[in-house]
Amino acid sequence: MGVIDMLTKGASKRAHVLVAEAPGAFRERVALECAVNRMGWCLAESVADADVLAVVGDPGEAFAAKVEHTWAQMSEPRERIHVRTANEAELLLGEAREQLREPAAHLTGRAIRRGFTPSASDMANEHEDQHGGGAQEHSAMMPDGIPLAEGAEDRDGLEMDELCLPLGPVLAHWPAGVVLRVTLHGDVVVDATVEQLAMARARQPDDAIERAARLLDAAGSVLALVGLPAEHARAHRLRDSCLAGGLLGGHEVAAFGDRIGRLRSLRWVLGGLAVEDRNGGPKQLHDLLTGLIDRARVELDQDATSHVARSVEAIPALVRGMELAAVRLWLAALMPDLAMHELSETAHD
Amino acid sequence: MTDSLSMFYALPVLVGLAAVAMCVAGLSAGLEARDAGRPLRSGLTVPLHETARLLRQRPRRTVSADRLLWRSASSAVIPLAVLIVAFVPVGAHALVSHPLGLVWVNAFDVMAWAVMWLLGWGPNSITGLVGGYRFLALALGYELPLMFALTAPAIAAGSLDLAEIAAAQDGLWFAVWAPVAFVAYCWGVLGFSMRPPMEPGAGTDLNGGILAELAGVDRLLVMVGRHALLIAGSAVAVPLFLGGGAGPVLAGWAWVLVKTLGVAVLLVLVGRRLPTLRPDKLLELGWVVVLPLVVAQDLIVSVIAIN
């Protein structure tokens with residue numbers, strides 16, 4: 001049993017944590033990420049990669065259903081924790097580590113667990129919603145209960161298969177509680193519908209510190225999606241020290257912003273990713289990224305002006321025609337806007 | 001034509017490949033740990049912990065997956081790297097010595113196209129499919145410059161045998177007077193091993209792309225395979241551009257090991273600082289900038305070789 005013990009101890013030193021952030025749980029998620037980092041663990045990049053599922057905040061009913069769906073797809077050994085307050089993150093992660101160190105006697109069986117299988121009626125219903133009831137004639141050809149893709153004309157006039165993909169809500173670098181159902185031709189989005197899952201508890205109004213932390217968090221997410229892990233880590237360290245109250249004034253954030261602005265390779269790679277601004281001109285993603293860091297500095301310097309935030313309903317029009325990678329980048333960059341808009345909505349209720 | 005080593009030497013070559021791969025993986029993880037604010041040392045043992053974690057994880061199947069092709073692809077990444085390393089002359093001889101060694105090495109790295117795409121196609125998942133196609137789009141961008149870069153040392157040495165190319169560099173390395181070919185070759189190595197910045201097929205924005213649905217031993221084989229391909233590519237760069245096992249004091253095989261480690265570490269360090277290259281940007285760069293430069297480099301090398 002010595003080898004298995006060694007494997008178990010080694011495995012528990014490096015578990016991957018998948019974060020399911022319920023809407024309105026920003027501070028708790030940041031606390032969880034700090035705790036994961038301190039333990040030497042890391043965040044999972046997909047469900048298959050995860051050992052621990054961490055639900056953060058108070059999930060509503062719809063969100064809890066999605067979390068169950070995700071839990072069913074994880075491979076054993078798996079643990080599940082629920083972080084409600086920022087202080088208990090480290091404790092719960094420690095408990096999960098102890099659970100992972102348990103001898104894996106129950107894993108030696110050959111039983112295959114069915115995580116999730118789409119039933120024929122579910123898939124047919126979803127297909128009907130998308131196409132207004134035209135999918136019945138294909139019900140005979142449904143291998144494993146999944147109907148074959150329908151064809152549709154794409155932007156060049158060729159017939160491409162259409163795929164429906166729901167993005168979120170349990171997704172890294174994604175606004176909390178947003179479910180974006182996209183229709184894809186290949187990897188280009190032709191249509192999208194968005195849904196914002198409701199917050200289960202009322203959120204306190206945020207202050208400048210929290211707004212600055214959200215902006216730095218969004219900048220870090222964009223940097224991670226672009227493939228610059230060192231800069232992403234730097235942005236997250238700034239975010240953590242900002243929330244802990246360690247940043248006096250915006251000097252460090254300004255220095256970080258200069259650093260990002262000087263990266264010519266980043267500017268070149270992000271070139272061409274533009275959307276239409278409210279005024280009608282093109283808005284570059286690189287400018288949005290440096291704008292996020294600049295707004296964080298302005299918040300910390302305490303001379304913030306009011307900013308008109310984009311709402312969730314604007315997303316489908318925004319992403320039409322983009323490819324999947326660009327959709328992820330734009331939604332990560334718009335995270336603080338969506339959160340602010342949601343907050344102002346609930347404040348007016 | 002030089003003789004092959006006996007198959008008895010296969011084990012030390014495999015051990016060498018594994019050791020260098022582990023060092024480089026440890027270095028990557030150590031740098032990640034340092035970015036996160038932890039000491040560099042804490043990251044060096046991460047590859048061992050990850051191996052233990054993946055060995056414990058149960059394998060996963062997706063609905064209507066093409067299991068045969070998926071599993072063959074995930075098992076084929078490491079053998080591909082081993083086959084590439086088999087042609088590298090360690091000291092005076094290689095495990096497999098062949099007059100067309102360079103062509104074989106290129107053939108194996110082109111086989112990576114099939115393997116990576118099948119990894120994406122096998123699980124019947126949208127993230128995998130998009131990742132696989134992104135890899136193919138990327139491969140269209142780096143493969144031609146890579147092939148032209150491989151012809152530069154062949155022209156300069158007048159042979160396609162790796163050992164003879166290494167021997168023809170007495171004194172001056174090809175990397176010094178054919179630098180564009182060296183850079184284009186390194187770029188190609190980062191491409192077929194899917195390492196940053198050439199990893200849109202396995203990128204974070206796709207939940208890991210071709211890696212998204214892999215769990216357990218399959219995931220371990222592919223992750224180890226990516227590192228092994230990086231080391232194999234670096235090992236081939238040694239006889240092609242860095243003079244093979246020649247050098248003072250140490251034995252031939254030790255120099256090959258040191259030079260391989262040096263190239264691999266350089267690729268890791270440089271790759272980390274660049275953002276992930278999107279396929280459309282990379283095609284633009286590869287065909288408009290790099291390919292003409294490499295062809296011009298081949299012309300210069302030919303002119304020098306004739307004189």
Side-chain angles (χ1 to χ4, degrees), chain A residues 6-16 37-38 40 42 45-49 51 73 75-77 104 107 112-113 115-118 143-146 163 165 171-173 184 186-187 223-230 232-234 236-237 263 265-266 268-272 324-325 328-329, chain B residues 29 31-38 42-43 45-64 123-124 126-127 129-130 133-134 196-197 199-200 202-209 211-216 219 272-282 285:
Chain A
M6 236 169 47
L7 271 185
T8 315
K9 280 219 172 47
S12 65
K13 286 206 182 103
R14 178 84 173 176
H16 290 214
N37 190 15
R38 270 195 299 269
C42 67
E45 61 179 12
S46 66
V47 178
D49 186 31
D51 299 308
Q73 292 180 29
S75 270
E76 273 106 4
L107 291 182
I112 297 174
R113 174 172 58 84
F116 171 73
T117 310
D144 281 327
I146 309 175
L163 284 165
L165 178 71
L171 199 57
H173 311 300
L184 295 171
D187 70 340
L223 289 166
L225 289 171
V226 153
L228 286 171
H232 157 75
R234 203 168 270 134
H236 274 208
R237 272 199 294 182
L263 286 176
S265 52
L266 181 63
W268 177 70
V269 164
L270 290 180
L324 266 183
R328 294 288 298 268
L329 281 170
Chain B
L31 289 173
E32 261 176 46
R34 197 179 59 171
D35 287 335
R38 298 196 303 273
S42 66
T45 48
V46 161
L48 295 168
H49 300 319
E50 288 280 354
T51 308
R53 182 185 82 95
L54 288 171
L55 283 173
R56 264 184 103 212
Q57 201 178 30
R58 271 190 135 173
R60 215 166 160 262
R61 255 187 250 155
T62 48
V63 180
S64 291
N124 192 26
I126 181 74
T127 49
L129 200 61
V130 173
Y133 277 111
R134 274 197 198 168
E199 49 157 17
T204 322
D205 48 6
L206 276 185
N207 289 357
L211 304 174
E213 304 287 348
L214 287 166
R219 195 182 183 95
R272 289 186 92 238
R273 310 199 57 61
L274 297 171
T276 302
L277 284 173
R278 296 199 336 265
D280 47 341
K281 288 288 175 185
L282 183 116
L285 182 70

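Everything numeric in this text was worked out from a predicted model, so none of it was measured. Throughout, protein chains are lettered first and strands after them, A, B, ... in sequence-line order, and every chain is numbered starting at 1.
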Legend entry - Given Gln57(B), Arg219(B), Arg56(B), the one that forms side-chain contact (heavy atoms from CB on, under 4.5 Å) with Ser75(A): Gln57(B)
Inset, instruction - Just jot down the side-chain hydrogen bond (donor to acceptor under 3.5 Å, both in side chains) partners of Arg237(A), sequence neighbours excluded, or say none. - result: none
Inset, instruction - Provide the closest heavy-atom pair for Ala36(B) versus Asn37(A) in the form atom of the first, atom of the second, distance. - result: O-ND2, 3.1 Å
Inset, instruction - With a 4.5 angstrom heavy-atom cut-off, could you sort out which part of Leu165(A) is near chain B: side chain, backbone, both or neither? - result: side chain
Legend entry - Residue list, ring-ring contact (aromatic ring centres under 6.0 Å, His included) with His173(A), at least two apart or on another chain: His232(A)
Legend entry - Closest contact, heavy atoms only, Arg273(B) versus Leu228(A): O-CD2, 3.5 Å
Inset, instruction - Please flag which part of Ala172(A) lies under 4.5 Å from any non-hydrogen atom of chain B: side chain, backbone, both or neither. - result: neither
Legend entry - Over all atoms of both residues, closest heavy-atom pair of Ala224(A) and Thr204(B): O-OG1, 3.6 Å
Legend entry - Region of Arg134(B) in contact with chain A, defined by heavy-atom distances below 4.5 Å: side chain
Legend entry - Inter-residue atom distance Lys281(B).NZ - Ser265(A).OG, 0.5 Å rounding: 12.0 Å
Inset, instruction - Please lay out, stage by stage, how Arg53(B) and Asp49(A) fare under the test salt bridge (Lys or Arg N to Asp or Glu O under 4.0 Å). - result: CA-CA 10 Å; Arg53(B) 182 185 82 95; Asp49(A) 186 31; 3.1 Å; yes
Legend entry - Arg272(B) side-chain N/O to Pro229(A) backbone N/O, donor-acceptor pair under 3.5 Å: no
Inset, instruction - For the pair Arg328(A) (side chain) and Asp205(B) (backbone), establish whether a donor and an acceptor sit closer than 3.5 Å, ignoring hydrogens and angles. - result: yes
Legend entry - Under 4.5 Å from a heavy atom of chain A, the part of Leu274(B) involved: both
Inset, instruction - Please report the shortest heavy-atom distance between Val226(A) and Pro275(B), naming the atom on each side. - result: CG1-CB, 3.5 Å
Legend entry - Gln73(A) backbone acceptor or donor facing Arg60(B) side chain under 3.5 Å: yes
Legend entry - Part of Leu171(A) lying under 4.5 Å from any heavy atom of chain B: side chain
Inset, instruction - Tell me, out of Thr51(B), Val130(B), Thr127(B), who's got the most heavy-atom pairs with chain A below 4.5 Å. - result: Val130(B)
Inset, instruction - Could you tell me whether Arg38(B) atom CZ has more than 12 heavy atoms of other residues or ligands within 6.0 Å of it? - result: yes
Legend entry - Partner chain A: residue of Leu31(B), Leu48(B), Thr45(B), Leu214(B) with the largest heavy-atom pair count (under 4.5 Å): Leu214(B)
Legend entry - Max heavy-atom pair count under 4.5 Å with chain B, selected residue of Gly186(A), Gly271(A), Ala15(A), Ser12(A): Gly271(A)
Legend entry - Heavy-atom closest pair, residues Asp35(B) and Ala233(A): O-CB, 3.5 Å
Legend entry - Under 4.5 Å from a heavy atom of chain A, the part of Pro200(B) involved: neither
Legend entry - Within 6.0 angstrom of Arg38(A) CZ, more than 12 heavy atoms from elsewhere: yes
Inset, instruction - State the CG-CG distance between Leu163(A) and Leu129(B), to the nearest 0.5 angstrom. - result: 8.0 Å
Legend entry - Shortest non-hydrogen separation from Ala212(B) to Ser46(A) and the atoms involved: O-OG, 3.1 Å
Inset, instruction - Output the distance between atom CD1 (Ile126(B)) and atom CG (Asp187(A)), rounded to the nearest 0.5 Å. - result: 8.0 Å
Legend entry - Spatial distance of atom CG (Leu54(B)) from atom NE2 (His16(A)) [nearest 0.5 Å]: 7.0 Å
Legend entry - Atom group of Glu32(B) that falls short of 4.5 Å from chain A, counting heavy atoms: side chain
Legend entry - Contacting moiety of Leu223(A), where chain B heavy atoms sit under 4.5 Å: neither
